[in-house]
Every structure is written in structure tokens, then in C-alpha cells.
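Read the structure below first, then the notes.
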Amino acid sequence: MSETDARQIERLKTLLARQKEAFSDQRHRPIDQRKADIQKVADLTRNHAQDIMAAISADYGVRSCAETQIAEIGFVISAAKHAKSHVGKWAKAKPASVPMTLAPGKAYVRREAKGVVGIVSPWNYPWQLAIAPLIAALAAGCRAIIKPSELTPKTADLMSRLLAEAFDESQVAVVTGGPKVGEAFTQQKFDHLFYTGSTHVGRLVALAAADNLVPVTLELGGKSPAILTEDYDPADAASPLAWGKFFNAGQTCIAPDYVLAPRSKVDATAEAVLEQVGTFFPDFASDADYTAIISDRHHARLTAMIEEARAAGARILQPKGSESGNARKLAPTIVIDPPVDSQLMTEEIFGPILPILPYDTLNDAIAFVNERDHPLALYVYAKDKALARSVLDRTISGGASVNASMLHMSVEGMPFGGVGASGQGAYHGEHGFLTFTHERAVFEAPKWHPSRLIAPPYGKTFDFISKLQSK
Ligand code: NAD
């Protein structure tokens, strides 16, 4: 292990101890203080928007500033606004009705902060995916330590500096480093671990957390399908498909991973998406809004996927001028009918490659999706709403959008999370608040209630009450 990693791990242990001590001194952070905490996060994001854009662009080589504005800065500020205006209501104890045998007792659920939480975040939206969970944790009254991805070091350093200026380390802190630090991080006795990243590492995180029985939220990846139905015009689907796939050059957990189209519409779909790409990025190589691939390793991985499909006879479509000026830009690529056992169809793509596969009947398309791991998102394009809903009825996914890509995740009041291999638990809005909250059930007994009669020696009164209970 490098000396820097070892130092970060020592620092992590000290920080965790400090935060735990601070939490035991203040278990219930007053709502006005939580609001002020959330406001600080919104302010530092707004006031340093240019620095955040520059840091992410430097980490990527080229990262669309417009996309950073909407998906990192704007997203976080909206999440903060939503949390700030609702936290008072979310944090209130929720009354529960009591059964007759406990009347006139009082039952209610206290919403209490879990304590000190750990947030491990990935590189693809390096600000949003660390800071949105932080907002939820602060709304719940928790303290937090963040471990951002090592692939976006400039963003991680900026985050570390800005949060250190705004918060005492006993409330919010950042530790940096790679997998070794991540591994040590997830072995600590946090009161909750919130992990966003690959399914492979997610499994390791779940195992590490299990050792300490630390509750864990896993926001993972997978292959999110888009199903085009017979009644939908490919020309109408082209814009949302191309937007969802090529936003951040496909490095988005809920990007449509592949399209299933009626056999007769495959070519029209491919051509319509390619035409749309030409409108979005007339010259992707020089376009500052067409983002580069995060690392040489990922670029090589994606190129190998295309070449494997090409060698297997799949048709590859790319816009003209595909020789990119930036070494890590990868041309927007459409692959028609790659083999289902190729890497393109067995691994999450996480890049600007869109496979389009033909199906003969909608049942075949649904079976294709259901034979695979439950995806993080599912997209259905259908004019007929009943048809779209019948596709939803017959499939499982973390979330879904109808006749759109990715937009369900922008509705702050809805849960965002996976199911099965694409994750467990959820956040955004009140769901995020609840992730970091312990719901503590309390019963306050009145001086006398009928259940006092349920005590030995059991006799006629007991029989009467137990009959009442089973009625
Ligand atoms: P990754 O799993 O490689 O890394 C994520 C984080 O885990 C990083 O901070 C990394 O340092 C840390 N890490 C690495 N090894 C670790 C270990 N052994 N123990 C603990 N932590 C460790 O993921 P990535 O490549 O940064 O992100 C891409 C993946 O994330 C994709 O699969 C994508 O779908 C998924 N993702 C999911 C969501 C979601 O909300 N569900 C959002 C974005 C990305």
C-alpha cells in the first residue's frame, strides 16, 4: 500500500472517531441547523460552479460544461432546495393508530438520525453522486465522510477543500484515494454506508459492510434496455435515445444501454439515431459538448467491444469524421445486431455505443429483458399508453421512463435506486432522508389499558381479549 493511502486510512479512522463523538454530543440536530447545513452545500456549489466545471473538465480531458451545469450543479442545487423546504415535515414524528387492546395509549414513529455515515462515490458524475447523498444525510441530521473516486482527482481535491472551508471535520469530511482506501473505508463501523459504483465492487462493499452489520445502500449499474414498440415511429424515438446515450458520452448509469426494435424497424431506428447525432454534434471530435472517455483503460475497453462486434459480422455505424482530435474521445457508434454473447451484450457498456437488436414479437423482447439481471432503468417507446404500461407490468427495473430517456431520475420526489443486481435501497427527496434515518417505534402507555389484563394466570379475561384480537 502506498504511503499516501496509508495516511488517508489513518486519517479516516481519526475522523470517524471524532464524528462519532460529536454525534453522541448532539444526536438530534435542530431543523434550522440542518437547513443551514443544506444551504451551505447549495451555496458552495453555486458560488464555485466555474471551478467545479473546470475541475471535472480537467479530469475528463473534455467534459461538456453544459452537461456539468445541468447534471451536477443544477441538480445538486435543486436537491438542496427540495430538502430544505421539506425537511421540517420529513423529520416530524409520525403518529400510528393503536389497537383497541392498547387504547388509549399513544404510538408514534420518531425519525432519528442514524449517526455517522460513509459515502463512496464514482467518477461519472463526480459532484452530484457525492453531494446529493450528502444533502440527504445532512437533512437526516447525520454526519458524513465522503470517499470520492480516484479517477476524478481534481474534482475530489476541490470538493475536499470547499467542504473543509464550509464545515468542521467533525461534521463533514472527505478522504481521498483508490480501491485500497475504498476497501478500508467500507470496513469501518459507520452507521450507514452509501455506495455508488459498479456491481462488481458493490458486492465487495456489501460483504465488507456485513462483517460489521452496517446497513448499506447500493446504487449500482447494469444494462438498461430501451424497447421500441411496433406503434412508435423510430424518428420520434431518435432524439431521446441519442440524448440518453450520448449525454456524458454514455458514461451514465441510467443511459439506455441497448435498444430492442421490431425487426422491420431496426434500420430506420439506426438511421434516425445517426441523423440525430449529426444534429447534436455536427463534428463530435471538435465539439466541446461531446465528452471524452474518462481514462485510457475505459477507452481501450470500449474500442475492444466495437472491434469484437465488427469481427463477428455486426454492422457498425459512425458519423463521418470519426478520427477524433482528442485521443480519449470515442465516436458515437451504433452497432446493429451484435451477438448476444459478445461483451457489448453481456457487460454494461458505459460509453457512447448503442447496440440495436431486432425482435420478432413483443413477447420475445420482454423475455430477452427478463432473462437478464434486473436493470437500473427500463425505457419503453409506445404511442399506446396501455401498451407501455403492459410492458411495465411484465418487467422489473429500478425505475422507468415512457417515451423518454433518463427523465424519471429528475423527479426529486421519486425514489432513485436499483433492484437485484442493479442495487438496493434508494434516495432522492424524502427517500434519501429516510435512507439516513432510523425509524424508531415508540409506545407510550397510559395509566391503564386492557392489555394489562394479559398476564398470568391466564383465564376468562385473557380468553375474551385474545378472541377480540383474533376477530
Ligand atoms: P467503481 O465501482 O470502480 O468505483 C466506485 C467507487 O468505489 C470509487 O470511489 C472507488 O475508489 C471505490 N472502490 C473501488 N474498489 C473498492 C473496493 N474494493 N471497496 C470499496 N470501494 C472501492 O465504479 P466506477 O467505475 O467509479 O463507476 C461506474 C459504475 O457505477 C457503473 O457500473 C455505473 O453504472 C455505476 N453507477 C451507478 C449509479 C447509480 O446511481 N446507480 C450512478 C453512477 C454510476
Side-chain angles (χ1 to χ4, degrees), residues 1 5 8-9 12 59-60 71-72 75 79 118-133 136 145-153 155-156 159-160 174-188 190 193-211 214 216-224 244 247-257 293-295 297-298 301-302 347-351 373-377 397-399 406 408-410 414-428 431-432 435:
M1 185 188 303
D5 279 358
Q8 284 296 323
I9 293 169
L12 161 67
D59 283 331
Y60 267 79
E72 315 261 13
F75 186 95
I119 297 169
V120 181
S121 56
W123 51 265
N124 64 325
Y125 292 94
W127 194 262
Q128 183 207 133
L129 297 172
I131 302 296
I145 306 178
I146 301 173
K147 207 300 279 166
S149 171
E150 67 282 9
L151 290 190
T152 40
T155 313
M159 185 184 298
S160 189
V174 176
V175 293
T176 52
K180 286 277 169 238
V181 176
E183 213 178 300
F185 192 94
T186 52
Q187 286 164 355
Q188 305 304 310
F190 281 104
L193 258 177
F194 189 100
Y195 170 80
T196 305
S198 61
T199 299
H200 165 70
V201 174
R203 194 169 279 120
L204 302 177
V205 172
L207 286 169
D211 255 353
V214 170
V216 62
T217 301
L218 300 174
E219 297 281 343
L220 310 178
K223 294 183 79 62
S224 299
F247 194 95
N248 204 30
Q251 300 163 106
T252 305
C253 56
I254 50 167
D257 187 274
I293 303 304
I294 188 70
S295 69
R297 188 176 69 79
H298 280 288
R301 177 182 67 79
L302 292 162
E347 288 172 21
E348 179 181 9
I349 297 172
F350 223 55
D373 283 337
H374 300 325
L376 182 59
S397 67
M406 312 204 290
H408 59 284
M409 77 93 67
S410 305
M414 297 210 290
F416 180 76
V419 53
S422 57
Q424 57 190 51
Y427 71 130
H428 287 191
H431 303 276
T435 288

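First listed ligand is number 1; within each ligand, the first listed atom is number 1.
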Side chain proximity check, [X] to [Y], heavy atoms < 4.5 angstrom:
| X | Y | value |
| --- | --- | --- |
| Pro375 | Ser397 | yes |
| Phe194 | Thr435 | yes |
| Leu204 | Thr186 | no |
| Phe185 | Ile145 | yes |
| Glu150 | Thr176 | no |
| Pro126 | Glu72 | yes |
| Trp127 | Met159 | yes |
| Asp59 | Pro153 | yes |

Would you call [X] a ligand 1 contact, heavy-atom distance under 4.0 Å?
| X | result |
| --- | --- |
| Gly418 | no |
| Gly202 | no |
| Phe185 | no |
| Gly423 | no |
| Tyr125 | no |

Is the ring centre of Phe75 less than 6.0 Å from the ring centre of Tyr125?
-> no
Could you find the nearest protein heavy atom to [atom] and give me its residue, atom name and distance?
| atom | answer |
| --- | --- |
| atom 17 (C) of ligand 1 | Val201 CG1, 3.7 Å |
| atom 40 (O) of ligand 1 | Phe416 CE2, 3.2 Å |
| atom 27 (O) of ligand 1 | Pro122 CB, 3.4 Å |
| atom 39 (C) of ligand 1 | Cys253 SG, 3.5 Å |

Give, for atom [atom1] of [X] and atom [atom2] of [Y], the distance between the pair rounded to the nearest 0.5 Å.
| X | Y | atom1 | atom2 | result |
| --- | --- | --- | --- | --- |
| Thr217 | Ile119 | OG1 | CD1 | 10.0 Å |
| Thr196 | Trp123 | OG1 | CH2 | 13.5 Å |
| Ile254 | Met409 | CD1 | CE | 4.5 Å |
| Asp211 | Gln188 | CG | CD | 12.0 Å |

Counting only heavy atoms closer than 4.0 Å, does ligand 1 sit against the backbone of [X], its side chain, both, or neither?
| X | result |
| --- | --- |
| Ala208 | neither |
| Leu151 | neither |
| Ile254 | neither |
| Val120 | side chain |

Just distances here: any N/O of [X] and N/O of ligand 1 closer than 3.5 Å?
| X | value |
| --- | --- |
| Ser422 | no |
| Glu348 | yes |
| Ser198 | yes |
| Gly177 | no |
| Thr199 | no |
| Leu220 | yes |
| Tyr427 | no |

The one among [options] that brings a heavy atom closest to [atom]:
| atom | options | result |
| --- | --- | --- |
| atom 6 (C) of ligand 1 | Gly197, Ser149, Ala132, Ser121 | Ser121 |
| atom 21 (N) of ligand 1 | Ser295, Ala426, Gly182 | Gly182 |
| atom 15 (N) of ligand 1 | Ala209, Pro148, Pro179 | Pro179 |

Where ligand 1 meets Thr196 - atom numbers and elements under 4.0 angstrom, heavy-atom basis = 5 (C), 37 (C), 38 (C), 39 (C), 40 (O), 42 (C), 43 (C)
Can you sort out which atoms of ligand 1 are near Trp123, meaning under 4.0 Å from one of its heavy atoms?
-> 24 (P), 25 (O), 26 (O), 27 (O)
Are the side chain of Tyr60 and the backbone N or O of Asn124 linked by a donor-acceptor pair below 3.5 Å?
-> yes
